[in-house]
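Notes follow the structure.
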Amino acid sequence: MASQQSMNSDSSSMSKSRSRSGSMPQLLCYHNDIAPIRVIKHDGPTRGKRFYGCSHWPRTCGFFKWEDESDEVRELQFKLFEKDTEIAELELENSLLQEKVKELKQTNLKNHDQLEEILLENSVTREGMYTATAYKKLYIFLLMSW
C-alpha cells in the first residue's frame, strides 16, 4: 500500500495538462506550475524551435518537452490520469470489501456464540431427558417389584 502511495505521489509530480477557457491546454512542470513555451535562441540546428520549460527557470526542476511532443505527452498524461482514477476506484472498492469482511466476521462470531449456547442447552435438555427416563424406569421397576 505504501509503495502504491509513493507511486501516486510520484505520478502527481509528473507533468500534467490543464486547459483554460478559450486557450490551448498548457503543460505543467514538476513544480505543478504552467510550463511556458520558450524558443531556442542559441545558434545551431534547433534554433527557433519551441519547447515547454520549467516556469522557475533558471532554478529549474528539469522539466523539458519539445512543443511538437506535447500531444504525445498529453495522451500519456491522460492515460496516466485514467490509470490513477482506476486505481483510486479499486482502492475504494477494496476498502469497502474489507469493511464487509469485518462485518461478516463479526456476524460469524455472534452466530458461533449462539450455536455454542444452543448446543449447551441441547446437551442439558438431553441430560434431563435421560435422567427423567431413568427415574421413570426405576419407578416402574419399583412398582412391579412391590
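- The two atoms that bring Glu67 and Arg50 nearest to each other are OE1-NE, 2.9 Å, heavy atoms only.
- Leu138 contributes atom CG, which lies 12.5 Å from atom OG1 of Thr133 (distance to the nearest 0.5 angstrom).
- Summarising the geometry of Arg38 relative to Ser55, their closest heavy-atom pair is NH2-CA, 3.9 Å, with the distance given to 0.1 Å.
- Of the inter-residue distances, the one linking Leu115 atom CG with Asn108 atom CG reads 10.0 Å to the nearest 0.5 angstrom.
- Contact check for Lys65 versus Phe63: side-chain heavy atoms found under the 4.5 Å cut-off.
- For the atom pair CG (Asn122) and CE (Met129), the distance works out to 9.0 Å, reported to the nearest 0.5 Å.
- Rounding to the nearest 0.5 Å places NZ of Lys83 at 10.5 Å from CG of Leu80.
- Looking at Phe51 and Ile37, their side chains never come closer than 4.5 Å, going by heavy atoms from C-beta outward.
- The shortest heavy-atom contact between Tyr52 and Trp66 is CD1-O, 4.4 Å.
- Between Cys54 and His31 the shortest side-chain heavy-atom distance falls below 4.5 Å.
- Atom CG of Leu109 and atom CD of Gln114 lie 11.5 Å apart (nearest 0.5 Å).
- Under the 4.5 Å side-chain criterion, counting only non-hydrogen atoms from C-beta, Ile34 is in contact with Leu28.
- Looking only at side-chain heavy atoms (C-beta outward), Leu96 and Lys100 stay at 4.5 Å or farther from each other.
- Proximity of Asp33 to His56: side-chain heavy atoms (C-beta onward) are separated by under 4.5 Å at one or more points.
- In terms of heavy atoms, Ala35 sits closest to Gly53 at CB-O, 3.1 Å.
- Shown here is Glu82, whose CD atom has more than 12 heavy atoms of other residues, nucleotides or ligands within 6.0 Å.
- Here CG of Leu120 is found 9.0 Å from OG1 of Thr125. Values are rounded to the nearest 0.5 Å.
- Residue Leu92 comes nearest to Ser95 through the heavy atom pair O-OG, 2.8 Å, listed as atom of the first residue, atom of the second, then distance.
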